[in-house]
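First listed ligand is number 1; within each ligand, the first listed atom is number 1.
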Amino acid sequence: MNDYRFIFHYLSAFLGFIVAIVLFLYIQTSLAGLTITLFEDFSTKGACSCDSCIMDKMEDDKWFFVRYNRNIQLMLNKKNSVLRQDVLKWWKGLQYVSSRSIQKQDALSNYKAVVEKLFSLFPDKEHYSDAGPDRCRTCAVVGNSGSLKGSYSGPLIDFHDFVIRINKAPTKGYEKDVGSKTTHRFIYPESAVDIDSSTHLVFCPFKILDINWLISAFTTKHIKYTYMKVRPTIKANKNKVMILHPAFIKYVYDSWLQKHGRYPSTGFLTLIFALHICDKVSVFGFGPTSDGYWHHYFDRSLTNFRRGSHGGDFENKTVHNLHLKNKIIMYKGW
Ligand code: C5P
């Protein structure tokens with residue numbers, strides 16, 4: 001009997017010992033797993049999954065940090081269409097309605113009705129709120145500079161997830177230097193061109209008449225004149241139309257241009273927009289001639305940006321600074 005009791009005690013102690021070891025190993029493994037998870041979440045995972053991200057160590061660069069507002073409204077939709085008083089006042093200051101244009105009354109008086117009409121025609125969505133540690137979205141912003149000529153940048157430009165072009169810039173016949181892919185094209189009425197059905201038309205409303213033109217271009221086609229002759233209509237996919245929020249245009253002017261010029265150029269707006277929807281931004285075709293003109297790779301036009309509505313010098317300096325601070329990669333062409 002004593003022998004049985006001894007064996008029983010011995011077995012219980014042994015089983016207890018085994019259970020203790022198993023429990024110990026289990027807890028160790030779980031803790032290790034937890035440590036790895038924590039380490040992954042907070043140490044190895046950056047702001048995005050690219051090798052470097054725009055939002056990496058944001059706070060370390062004061063110049064960038066004070067300018068960049070990650071909560072700014074990018075696109076207009078029905079929900080965010082009511083404009084802040086300061087935005088409204090500034091936007092109103094930009095309105096220029098020519099005596100020859102169809103709209104002679106206070107262009108902002110019917111803003112609410114215009115917004116209603118706008119989103120009965122075009123998608124009423126929130127766009128690009130998908131940033132996170134698992135995303136690596138690369139963007140090429142392609143300006144219209146003559147420096148692109150002979151640059152052989154085409155294949156590199158097309159390699160990006162998003163290729164964003166501006167105004168009338170063509171690709172046909174220039175593929176070797178500028179590529180052939182266009183995911184987004186920024187335009188305003190006076191710079192409008194036909195747009196491929198797979199491309200997003202990103203519309204820059206510098207004035208409310210511009211929004212009226214957009215509606216007209218896809219419906220009645222009756223607006224043919226703003227401050228100059230404009231195309232009454234264009235080919236574009238209306239399900240891919242996006243409209244920049246006036247608050248975004250003011251933000252770019254206030255924060256990034258420190259109120260230089262009267263309002264930002266389309267190219268500069270595009271570049272700052274890319275900083276907000278991409279994780280990595282490459283910039284092509286930005287830069288004037290040595291004597292200070294915005295020239296094109298596709299025509300002979302020369303614009304003296306120092307005399308126009310845009311703070312061209314300040315824009316160029318800011319773009320250069322973004323490059324120095326590794327927030328964009330500038331490709332200068334040859
Ligand atoms: O001439 P356009 O306004 O169509 O050019 C689009 C944009 O490309 C400009 O707003 C400007 O930001 C950029 N650009 C440039 N250097 C040039 C020509 C254009 O930086 N020589």
Side-chain angles (χ1 to χ4, degrees), residues 94 139-151 153 157 160 162-172 174 177-179 182-195 199-207 210 226-228 230-231 234 244 248-249 252-253 255-258 260-276 281-324 327-334:
L94 291 187
C139 293
V141 178
V142 189
N144 297 350
S145 173
S147 67
L148 275 169
K149 249 195 253 174
S151 68
S153 304
I157 289 175
H160 291 76
F162 286 179
V163 178
I164 314 177
R165 299 187 195 271
I166 303 156
N167 299 336
K168 297 182 188 235
T171 53
K172 203 161 178 268
Y174 302 92
D177 292 332
V178 307
T182 310
T183 59
H184 298 71
R185 185 178 287 274
F186 276 60
I187 59 154
Y188 54 97
E190 295 79 13
S191 74
V193 284
D194 291 336
I195 292 175
T199 301
H200 286 284
L201 184 172
V202 184
F203 189 71
C204 308
F206 293 115
K207 48 194 182 310
D210 294 349
T226 54
Y227 59 86
M228 60 182 269
V230 289
R231 287 185 57 165
I234 51 167
L244 273 193
F248 179 77
I249 306 179
V252 174
Y253 180 66
S255 276
W256 291 96
L257 290 182
Q258 313 275 298
H260 283 79
R262 220 162 73 76
Y263 58 97
S265 76
T266 322
F268 193 75
L269 274 178
T270 309
L271 200 155
I272 303 298
F273 176 83
L275 285 181
H276 284 264
V281 174
S282 308
V283 177
F284 301 83
F286 273 66
T289 57
S290 53
D291 47 353
Y293 285 89
W294 272 345
H295 57 329
H296 288 162
Y297 65 84
F298 53 89
D299 64 24
R300 288 170 179 272
S301 78
L302 286 174
T303 312
N304 186 327
F305 58 76
R306 294 196 178 103
R307 282 200 218 116
S309 314
H310 312 306
D313 269 330
F314 199 82
E315 288 193 2
N316 291 334
K317 252 186 245 160
T318 309
V319 174
H320 186 63
N321 245 342
L322 283 167
H323 172 66
L324 290 180
K327 294 299 180 189
I328 58 171
I329 308 163
M330 271 296 261
Y331 292 89
K332 295 229 168 186
W334 315 111

| Between Tyr188 and Phe203, is the gap from one ring center to the other below 6.0 Å? | no
| message | Which residue and atom name correspond to the protein heavy atom nearest atom 17 (C) of ligand 1, and how close is it? | response | Trp294 CD1, 3.2 Å
| request: Give the numbers and elements of all ligand 1 atoms closer than 4.0 Å to a heavy atom of Ser265. | output: 10 (O), 12 (O)
| query | Do you know which two heavy atoms are closest between Leu148 and Ser153, and how far apart they sit? | reply | CD2-OG, 4.4 Å
| request: Around atom 1 (O) of ligand 1, find the nearest protein heavy atom and jot down its residue, atom name and distance. | output: His296 NE2, 2.5 Å
| task | Look at atom 3 (O) of ligand 1 and say which protein heavy atom is nearest, naming residue and atom and giving the distance to 0.1 Å. | result | Asn167 ND2, 3.3 Å
| Under 4.0 Å from any heavy atom of Ile166, which atoms of ligand 1 are there? | 6 (C)
| query | Is Glu315 in polar range of ligand 1, meaning some N or O pair under 3.5 Å apart? | reply | no
| query | Between Tyr253, Phe206, Phe248, Phe268, which is the residue that forms a ring-ring contact (aromatic ring centres under 6.0 Å, His included) with Tyr263? | reply | Phe206
| said: Counting only heavy atoms, tell me which of Gly312, Gly267, Gly143, Gly287 gets closest to atom 20 (O) of ligand 1. | reply: Gly287
| message | Less than 6.0 angstrom separating the ring centers of His296 and Phe298, yes or no? | response | yes
| Basic-acidic side-chain contact under 4.0 Å: Lys168, Asp299 | no
| How about Arg165 and Thr182: does a side-chain donor come under 3.5 Å of a side-chain acceptor? | yes
| message | Please list the nearest protein heavy atom to atom 18 (C) of ligand 1 with its residue and the distance rounded to 0.1 Å. | response | His295 O, 3.2 Å
| Residue portion contacting ligand 1 (non-hydrogen atoms closer than 4.0 Å) for Asn144 | both
| message | If we count only N and O atoms by modelled type, under 3.5 Å, do the side chains of His184 and Thr199 hold a donor and an acceptor together? | response | no
